[in-house]
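What follows is a short report on a single structure.
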2 protein chains.
Amino acid sequence: MKKKITIKLKQNDYKMTEQRETVLEVMLKNRGKHLSAEEVLEKARKKSPGIGIATVYRTLEKLTEMEVLYKTVFEGGKFRYELYDDAGSKQQHHHHHIICLKCGKITEVQEDLLSGLEQKIESQGFKIIDHDLKFFGYCPNCK
Amino acid sequence: MKKKITIKLKQNDYKMTEQRETVLEVMLKNRGKHLSAEEVLEKARKKSPGIGIATVYRTLEKLTEMEVLYKTVFEGGKFRYELYDDAGSKQQHHHHHIICLKCGKITEVQEDLLSGLEQKIESQGFKIIDHDLKFFGYCPNCK
DNA sequence: AGACATTTGATAATGATTATCATTATAGAT
DNA sequence: ATCTATAATGATAATCATTATCAAATGTCT
Ligand SMILES: [Mn+2]
Ligand SMILES: [Mn+2]
Ligand SMILES: [Zn+2]
Ligand SMILES: [Zn+2]
């Protein structure tokens, strides 16, 4: 995985630096979590104490372009990043999220069930590349 | 519609002011559009030239709380507001959006097709209140 | 090791949204 | 219609996340 991404970087004339490796490791170690740039910074400093917030933003952005990370807005209007389900290989679709309106917990839903709807939309002349589906409600604890 | 909302305001000890009425009229006249606060300000000033941006934000926020408006982030990381499909009455669900990655056009999808998935999720102990589904791809013109 | 382009970190700038506060307007009581 | 209490407004400052700038440091290739 890490090796695959290093190769991808080189193909695009990007260098593999200590900081980029650290950010990547943070994301790999936190699969299933949805981290803000500040949270990534905090974790990255454990390994690379000197790393700056600008580098974290730049690296997250680059990994998002490369489709290693998925970037989206949850509540609070700031971006959060997570590993793509199948980071490294050609990416198609993304799992869904349930956000608890009381405790803020984020639960992932793996079932897709959108292909029917996507087919209907494509039959009207669109080409669908990806989707982003969030459910808002209450988790079992807060219901 | 406007009357219904005025009554709702009163029930919550809010006053109906010229500015609130203007913002509401802007939103009613632009059903199907997705306006930023700045865009609402611009349109509102046609009728109430002195209105300030802070009042626009406050009013949009209030109407969102009251479930007259729906607030969401499209591309660019800023909030946009639109009338709820059935603004005024008890609100359940919301239509979906297709965002063209080339020209930015936003198309609405009325078909729901999520009830199956929602039922499956609720059978796992969640309570679903609303959802937000966006498709990313290319519109017929840009495909 | 040396050359050169890329990357980094500190910090300034930006842009959207929210908070502050003195002034003004609204709704209900008189 | 006037008065009063309270809520709302507009100007502007503050905040917060993100992006831009730039001199110094680093990675890659020879
Ligand atoms: Mn996720
Ligand atoms: Mn819409
Ligand atoms: Zn919860
Ligand atoms: Zn298009």
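Computed from heavy atoms alone, side chains included, the values below leave out hydrogens, waters and symmetry copies. Given the structure is predicted, the values throughout are model-derived calculations rather than measurements.
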Notebook entry, point to check: In whole angstroms, how far is the C1' atom of D/dT19 from the CG atom of A/Leu41?
Noted result: 16 Å
Margin query: Going 5' to 3' along DNA chain C, between which two nucleotides do contacts with chain B fall, using a heavy-atom cut-off of 4.0 Å?
Written below: C/dA16 to C/dA27
Check: Strictly by modelled atom types, are B/His96 and A/His131 linked by a side-chain donor-acceptor pair under 3.5 Å?
Finding: no
Item checked: Result of checking A/Gln19, A/Glu25, A/Glu18 against A/Ser48 for side-chain hydrogen bond (donor to acceptor under 3.5 Å, both in side chains) -> A/Glu18
Check: Is it the case that B/Asp130 and B/His94 place a side-chain donor and acceptor less than 3.5 Å from each other?
Finding: no
Note to self: Looking at B/Gln124, I'd like to know if its CD atom is crowded, meaning that more than 12 non-hydrogen atoms belonging to other residues, nucleotides or ligands lie closer than 6.0 Å.
What the structure shows: yes
Margin query: By the 4.0 Å heavy-atom rule, please label B/Gly50 as base, sugar-phosphate, or nothing.
Written below: sugar-phosphate
Notebook entry, point to check: Is a salt bridge present between B/Glu39 and B/Arg80, judged by a nitrogen-to-oxygen distance below 4.0 Å?
Noted result: yes
Next item on the list: Please report the shortest heavy-atom distance between B/Asn30 and B/Leu35, naming the atom on each side.
Entry: CB-CD1, 4.0 Å
Margin query: Need one value for B/Arg20: base, sugar-phosphate or nothing, where a base atom within 4.0 Å counts as base even if backbone is also close, heavy atoms only.
Written below: sugar-phosphate
Next item on the list: Take nucleotides 23-30 of chain D nucleotide by nucleotide from the 5' end and write B, S or -, depending on whether a protein heavy atom sits under 4.0 Å from the base, only from the sugar-phosphate, or from neither.
Entry: ----BS--
Note to self: Expressed as a whole number of angstroms, how long is the span from B/Phe79:CZ to D/dC16:C1'?
What the structure shows: 13 Å
Check: If you find the nucleotide of DNA chain C closest to B/Glu38 and the one closest to A/Val56, which residue's nucleotide is nearer the 5' end?
Finding: A/Val56
Check: Do A/Lys71 and A/Phe79 meet the cation-pi criteria used here (NZ or CZ under 6.0 Å from the six-membered ring centre, within 45° of the axis)?
Finding: yes
Margin query: Return whichever of B/Thr59 or A/Tyr57 has its heavy-atom-nearest nucleotide of DNA chain D closer to the 5' end.
Written below: B/Thr59
Notebook entry, point to check: For A/Asp85, does its backbone N or O pair with a side-chain atom of A/Arg31 as donor and acceptor, under 3.5 Å?
Noted result: yes
